[in-house]
Engineer: 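Got a structure here, written out as structure tokens. Questions coming.
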Amino acid sequence: MMNKYRTHNCSELKQTHAGETVSLSGWLHRKRDHGNLLFIDLRDHYGLTQCVVENNNKFFSILEKLRSESVLTIIGKVVKREKGTENFELPTGEIEVDVQSIKILSEAKDLPMPVFGEQDYPEDIRLKYRFLDLRREEMHKNIILRSKVVSFIRSEMLKLGFLEYQTPILTSSSPEGARDFLVPSRLNPGKFYALPQAPQQFKQLIMVSGFDKYFQIAPCFRDEDARADRSPGEFYQLDIEMSFVEQEDIFKVLEILMVNLFQKFSSKKVLNNKFPRIPYNEAMLKYGTDKPDLRNPLLINDITNIFTRDDVKFDIFKKLVKSGSIVRCIVTKKTKDKPRSFFDNIDKWSKEQGASGLAYFTLEKNEKISAKGPVGKFFSEDSLKEIMKITKAEVGDSLFLACGKINEIEKILSISRDKIAKDLNLINEDQFAFCWIVDYPMFELDEQTKKIKFSHNPFSMPQGEIEKLDFKDPLKIKAYQYDIVCNGVELSSGAIRNHVPELMYKLFSIAGYDKKKVEEKFSGMLNALSYGAPPHGGIAPGLDRIVMLLANEKNIREITLFPMNQNAQDLMMKAPSEVEPKQLKELSIKTDIKKD
RNA sequence: GGGGGUGUAGCUCAGUUUGGUUAGAGCGCCUGCCUGUCACGCAGGAGGUCGCCGGUUCGAGCCCGGUCACUCCCGCCA
């Protein structure tokens with residue numbers, strides 16, 4: 001490299017360059033001013049180089065006054081540092097550049113937030129001055145990681161025989177799923193495009209078009225509220241679709257890709273090269289959630305039947321069980337010597353989470369087996385033996401019990417599992433534990449409307465032979481629908497698709513869409529499936545969440561170049577913004593409609 | 001739409017419990033001293049509507065009510 005700005009970058013120079021005259025360009029990272037001797041750390045994308053000026057140099061006073069983060073070119077001679085003054089933490093720490101001349105390319109004002117150092121700063125300032133925030137080492141590193149992950153995925157997918165296809169950004173609104181972002185059409189007054197929530201229908205149409213293996217790093221738009229791990233508005237999926245495949249074919253592709261990806265970009269251990277397949281119902285029972293963290297060894301067991309026994313006197317639970325509640329528990333191994341406060345804290349915490357609390361006892365054995373703890377006295381030896389059989393608990397273990405309606409129990413025990421494991425330090429942070437959640441129900445009951453709705457994707461293929469499906473009891477129908485989960489993070493859902501139009505009408509009618517409505521909303525799709533469609537299926541792992549796991553970050557903004565804040569505003573570009581009345585008029589849009 | 005947390009100097013934070021003189025510290029900035037630092041050091045200085053509005057009080061950064069901003073969570077996210 002050699003141009004008017006630089007002969008080398010700021011991480012290149014070594015002892016072997018000593019004596020050469022070089023030019024470097026970059027940001028003034030840090031100054032150390034000794035009055036008659038000035039050290040300057042010059043920083044670029046690649047690293048840091050220390051430059052030195054003495055007070056007999058005509059640029060000394062200029063450099064002394066120049067503010068941090070100004071951009072300059074330094075021309076000077078590479079000098080080997082004297083013994084004892086090297087900095088072995090820097091790749092360039094064995095040399096320094098003796099400044100001969102400089103050129104200031106861009107002067108920086110007083111900074112609203114420093115680039116130097118590892119201090120945390122308020123989110124709104126970081127977002128407003130994102131270009132400064134991104135200069136900081138941690139952010140810079142995360143963004144580079146993200147770039148490398150994207151490149152790696154592309155090359156792996158190509159190796160696996162996939163081709164990348166691009167799909168439209170302006171498309172039509174769909175009735176299912178999230179809220180759409182709408183774009184008014186100038187040429188079609190009163191009509192709107194929608195930004196794609198995912199290229200779902202397009203990727204299926206690509207299969208119908210005969211292309212066999214599709215992937216895309218696809219932007220997806222959903223107008224829903226933000227979370228720490230969910231950008232408002234937009235995110236990226238590794239969108240995948242394959243023809244003539246069964247569920248296991250898709251699992252194989254994803255396992256190869258994920259294992260390679262996570263091994264390449266993290267030093268953490270991938271627990272299983274073949275990810276465990278856990279049926280949805282089993283996951284809800286054993287973990288209370290369909291995104292279990294398998295690093296956590298704690299399991300949930302159902303012990304409702306214990307509370308129908310006459311030799312169990314725990315009347316509060318017995319009464320609830322009689323009226324339809326269930327009891328489930330978490331066993332913790334060898335916790336008999338934990339102090340009372342350990343158990344009480346978890347009980348107290350669960351109440352803060354809105355539960356009615358967690359009962360607990362510890363299994364002991366003197367002459368006979370007994371339960372120690374506030375509710376221990378209610379259990380006979382025989383009932384404890386039965387509990388031990390069901391839960392595989394042993395003497396010295398403790399049980400945390402929750403009683404209530406199934407949804408409440410699943411929820412509280414799911415978060416209790418996390419909480420207790422954290423308190424007992426049971427989670428190995430150096431692991432990635434992947435799993436597949438399979439056999440999702442096709443439909444579920446909407447709690448509010450009491451109507452049957454699609455539980456996941458309306459285009460999924462129901463399991464079993466089509467002729468034998470029992471549409472009278474639709475809640476029992478399972479789908480070829482699956483999620484991939486890593487360390488308790490839901491990375492993606494996918495499905496084998498329904499490529500049979502008649503079946504699709506049937507399924508939609510169960511969810512309350514008549515034939516006309518289905519034809520109206522999915523005409524493109526249905527039409528395509530009527531002229532020879534291959535059986536196909538796919539998946540779409542969230543790219544942002546993959547990078548978060550690899551970068552070990554809890555917040556999606558830490559791995560996104562220019563994120564919006566929680567209110568879906570870009571504080572740097574000032575989006576969204578008002579527009580000229582003329583623009584609105586062209587689009588046939590009025591903005592004076594009041595919200596209810 | 002709802003709940004929690006935070007808001008004091010350009011930045012990070014202390015002070016709020018128990019209302020009471022001129023609201024402090026570190027970083028940054030400005031001035032001076034300093035030739036081997038790499039978080040350079042030393043001395044001095046500037047910098048504040050204590051988010052905003054209202055209330056209680058002789059007196060409010062501190063108590064009360066409202067409001068705004070940021071954030072985390074619930075709802076929502078096929």
Side-chain angles (χ1 to χ4, degrees), chain A residues 29-43 48-57 60 64-65 67-69 79 81-90 92-93 96 108-129 132-133 174-180 196-198 200-201 220-233 235 352-354 411 415 440 442-444 446-448 453-460 479 481 490 493-495 507-508 511 513 521-522 540 542 554-555 557 565-567 569 571 595-596:
Chain A
H29 186 63
R30 193 80 177 152
K31 273 187 305 191
R32 289 176 294 280
D33 188 351
H34 291 233
N36 294 313
L37 172 72
L38 174 63
F39 295 102
I40 287 171
D41 289 335
L42 195 69
R43 184 196 73 238
L48 287 176
T49 301
Q50 173 167 282
C51 307
V52 199
V53 210
E54 295 187 16
N55 62 350
N56 54 11
N57 187 307
F60 182 85
E64 213 180 15
K65 286 203 180 74
R67 283 212 185 83
S68 287
E69 295 308 307
V79 181
R81 292 202 204 176
E82 276 179 37
K83 203 162 188 186
T85 67
E86 309 98 326
N87 182 352
F88 296 108
E89 316 223 315
L90 285 182
T92 60
E96 60 197 9
K109 296 198 287 189
D110 254 353
L111 300 172
M113 59 169 283
V115 170
F116 177 79
E118 282 157 28
Q119 186 98 56
D120 286 328
Y121 301 97
E123 203 75 40
D124 41 353
I125 291 176
R126 292 181 58 193
L127 292 178
K128 183 171 175 188
Y129 299 97
L132 291 178
D133 194 31
S174 69
E176 284 288 315
R179 210 174 282 120
D180 282 319
Q197 295 182 23
Q200 179 63 40
Q201 292 190 60
C220 303
F221 306 90
R222 297 177 191 175
D223 188 3
E224 300 293 350
D225 288 356
R227 288 288 183 278
D229 62 350
R230 205 166 84 201
S231 293
F235 62 98
E352 285 164 10
Q353 304 304 309
K411 195 176 162 197
I415 56 176
Y440 274 85
M442 187 84 213
F443 298 101
E444 65 185 13
D446 189 313
E447 288 299 324
Q448 279 151 21
K453 62 174 189 180
F454 289 107
S455 68
H456 264 69
N457 186 323
F459 301 116
S460 297
Q481 169 88 44
E490 183 195 325
S493 338
L507 295 168
F508 267 101
Y513 294 89
K521 285 297 173 186
F522 304 108
K554 296 263 177 295
N555 193 300
R557 291 184 294 270
N565 70 7
Q566 197 172 42
N567 298 320
Q569 298 158 340
L571 298 176
K595 266 196 187 176
D596 297 331

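Quick note on labels: first sequence line is chain A, next is B, and so on, each numbered from 1.
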Engineer: At 4.0 Å (heavy atoms only), tell me whether A:D180 reaches a base, stays on the sugar-phosphate, or touches nothing.
Structural biologist: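 No contact at all - A:D180 keeps every heavy atom at 4.0 Å or more from the nucleic acid.
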Engineer: Whole-Å distance between B:rU35 C1' and A:R81 CZ?
Structural biologist: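 The answer, rounded to whole Å, is 15 Å.
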Engineer: Distance between the P atoms of B:rG24 and B:rG45, in whole angstroms?
Structural biologist: 13 Å
Engineer: Given 3.5 Å as the limit, does a donor-acceptor pair link the side chain of A:E224 with the main chain of A:R179, or not?
Structural biologist: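 Answer holds: yes.
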Engineer: Would the base of B:rC76 count as contacting A:R230 through its side chain, where contact means a donor and an acceptor less than 3.5 Å apart?
Structural biologist: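 Yes, the side chain and the base share a sub-3.5 Å donor-acceptor pair.
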Engineer: Which protein N or O atoms sit under 3.5 Å from an N or O of nucleotides 41-45 of chain B?
Structural biologist:
none

Engineer: My understanding is that only residues two or more places apart in sequence, or in another chain, count here; which of them pass side-chain hydrogen bond (donor to acceptor under 3.5 Å, both in side chains) with A:N555?
Structural biologist: none
Engineer: To check you understand the geometry: which heavy-atom pair defines the closest contact between A:F60 and A:G35, and what is its length?
Structural biologist: CZ-O, 3.1 Å
Engineer: Contact class for A:E82 vs. all strands (heavy atom < 4.0 Å): base, sugar-phosphate, or nothing?
Structural biologist: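 The answer is nothing, as A:E82 stays clear of every strand by at least 4.0 Å.
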Engineer: By nearest atom, which of the nucleotides B:rC77, B:rU37, B:rU35 is closest to the A:N36 side chain?
Structural biologist: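 That would be B:rU35.
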Engineer: From CG of A:L37 over to C1' of B:rG36, roughly how many Å is that when rounded to an integer?
Structural biologist: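 Going from CG in A:L37 over to C1' in B:rG36 covers 6 Å.
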Engineer: In the structure shown, which nucleotide is the Watson-Crick or G-U wobble counterpart of B:rU22, with both distances under 3.5 Å?
Structural biologist: none
Engineer: What does nucleotides 2-15 of chain B look like as a protein-contact string, B for base, S for sugar-phosphate only, - for none, at under 4.0 angstrom between heavy atoms?
Structural biologist: --------SSS---
Engineer: Measuring from atom CG of A:L127 to atom CG of A:D133, what distance do you get when rounded to the nearest 0.5 angstrom?
Structural biologist: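 If we round to the nearest 0.5 Å, A:L127:CG and A:D133:CG are 7.5 Å apart.
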Engineer: Test of understanding: with ring pair (Phe, Tyr, Trp, His ring centres under 6.0 Å), list the residues that count as partners of A:F454, not counting sequence neighbours.
Structural biologist: A:F443, A:F508
Engineer: Touch check for A:N567, heavy atoms < 4.0 angstrom, all strands: base, sugar-phosphate only, or nothing?
Structural biologist: sugar-phosphate
Engineer: Respond yes when some side-chain nitrogen or oxygen of A:R179 is under 4.0 Å from OP1 or OP2 of B:rG75, and no when none is.
Structural biologist: no
Engineer: Starting at CG of A:D124 and ending at C1' of B:rC68, how long is that distance when rounded to a whole Å?
Structural biologist: 13 Å
Engineer: Kindly point out which of B:rC70, B:rC76, B:rG28 is positioned nearest to the side chain of A:E123?
Structural biologist: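 Per side-chain heavy atoms of A:E123, the pick is B:rC70.
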Engineer: Choosing from B:rG36, B:rC70, B:rU35, which nucleotide comes nearest the side chain of A:N55?
Structural biologist: B:rU35
Engineer: Using side-chain contact (heavy atoms from CB on, under 4.5 Å) as the criterion, list what pairs up with A:S493, not counting sequence neighbours.
Structural biologist: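 For A:S493, the residues satisfying side-chain contact (heavy atoms from CB on, under 4.5 Å) (neighbours in sequence not counted) are A:H456, A:Q481, A:D483, A:E490.
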Engineer: Looking only at atom types and distance, does a side-chain atom of A:K31 sit under 3.5 Å from a main-chain N or O of A:S68, one as donor and one as acceptor?
Structural biologist: no
Engineer: In the strands shown, is B:rU31 matched to any nucleotide by a Watson-Crick or G-U wobble pair with both distances under 3.5 Å, and which?
Structural biologist: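 The answer is B:rA43, by the H-bond criterion.
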Engineer: Going by side-chain contact (heavy atoms from CB on, under 4.5 Å), name the residues that satisfy it together with A:Q197, two or more places apart in sequence or in a different chain.
Structural biologist: A:S174, A:A178, A:D180, A:R222
Engineer: Can you find a donor-acceptor pair, distance only, under 3.5 Å between A:D110 side chain and B:rG28 base?
Structural biologist: no
Engineer: Once you apply a heavy-atom cut-off of 4.0 Å, does A:E444 come out as touching a base, just sugar-phosphate, or nothing?
Structural biologist: nothing
Engineer: In the strands shown, is B:rG1 matched to any nucleotide by a Watson-Crick or G-U wobble pair with both distances under 3.5 Å, and which?
Structural biologist: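 Checking every strand shown, B:rG1 finds its partner in B:rC74, with both distances under 3.5 Å.
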Engineer: Kindly indicate whether the side chain of A:R81, heavy atoms from C-beta on, has any atom under 4.5 Å from the side chain of A:N87.
Structural biologist: yes
Engineer: Mind checking A:E86 for me? I need base, sugar-phosphate or nothing, with any heavy atom below 4.0 Å counting as a touch.
Structural biologist: base
Engineer: For A:L37, check side-chain contact (heavy atoms from CB on, under 4.5 Å) against everything at least two apart and list the hits.
Structural biologist: A:H34, A:F39, A:V52, A:E54
Engineer: May I ask you to evaluate whether A:R32 reaches the phosphate of B:rU37, defined as a side-chain N or O under 4.0 Å from OP1 or OP2?
Structural biologist: no
Engineer: Kindly say whether, by distance alone, the side chain of A:R227 makes a donor-acceptor pair under 3.5 Å with the base of B:rG75?
Structural biologist: yes
Engineer: I'd like to know if A:N87 reaches the base of B:rC38 with its side chain, counting only an N/O donor and acceptor under 3.5 Å.
Structural biologist: yes
Engineer: Can you name the side-chain contact (heavy atoms from CB on, under 4.5 Å) partners of A:L48, sequence neighbours left out?
Structural biologist: A:H29, A:D41, A:R43, A:L90
Engineer: Any base atoms under 4.0 Å from A:F116, or only sugar-phosphate, or nothing? Heavy atoms, all strands.
Structural biologist: sugar-phosphate
Engineer: Can you tell me the distance, in whole Å, between the NZ atom of A:K31 and the C1' atom of B:rC27?
Structural biologist: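 After rounding, the gap between these two atoms is 15 Å.
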Engineer: Partner of B:rA69 by Watson-Crick or G-U wobble geometry, both contacts under 3.5 Å, or none?
Structural biologist: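 Base partner found: B:rU6.
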Engineer: With a 3.5 Å cut-off and just heavy-atom distances, do the side chain of A:R126 and the base of B:rC70 make a donor-acceptor pair?
Structural biologist: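 Answer no: no donor N or O sits under 3.5 Å from an acceptor.
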Engineer: Which part of the nucleic acid, if any, lies within contact of A:F454, taking any heavy atom under 4.0 Å across all strands shown: a base, the sugar-phosphate backbone alone, or nothing?
Structural biologist: sugar-phosphate
Engineer: Measuring from atom CE of A:M113 to atom CD of A:E69, what distance do you get when rounded to the nearest 0.5 angstrom?
Structural biologist: 9.5 Å
Engineer: In whole Å, what is the span from the CD atom of A:E64 to the C1' atom of B:rC40?
Structural biologist: 14 Å
Engineer: Output the rounded distance in Å from CG (A:L571) to P (B:rC70).
Structural biologist: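 After rounding, the gap between these two atoms is 7 Å.
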Engineer: Considering heavy-atom distances to RNA chain B, does A:E224 or A:L127 have its closest nucleotide positioned more toward the 5' end?
Structural biologist: A:L127
Engineer: Let's see if you can work this out: which of B:rC73, B:rC76, B:rU37 has an atom nearest to the side-chain heavy atoms of A:Q566?
Structural biologist: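 So the nucleotide nearest the side chain must be B:rC73.
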Engineer: Can you name the residues that form a ring pair (Phe, Tyr, Trp, His ring centres under 6.0 Å) with A:Y121, not counting sequence neighbours?
Structural biologist: none
Engineer: Can you check the A:Q197 CD to B:rC77 P distance for me, whole Å?
Structural biologist: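 To the nearest whole Å, that distance equals 10 Å.
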Engineer: What's the CG-C1' distance between A:L38 and B:rU37, to the nearest Å?
Structural biologist: 10 Å
Engineer: Just checking A:D225: base, sugar-phosphate only, or nothing, at a heavy-atom cut-off of under 4.0 Å?
Structural biologist: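 Base, at least one base heavy atom under 4.0 Å.
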Engineer: Under 5.5 Å between ring centres and under 30° between planes: true for A:H34 and the base of B:rC34?
Structural biologist: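 According to the criterion (under 5.5 Å, under 30°), no, A:H34 does not stack.
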Engineer: Which one, B:rC72, B:rU37, B:rU35, comes nearest to the side chain of A:N555?
Structural biologist: B:rC72
Engineer: In terms of the nearest nucleotide of RNA chain B, which residue is placed more toward the 5' end: A:G35 or A:F235?
Structural biologist: A:G35
Engineer: When we call it a touch if two heavy atoms are under 4.0 Å apart, what does A:R557 touch: a base, just sugar-phosphate, or nothing?
Structural biologist: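 Sugar-phosphate only.
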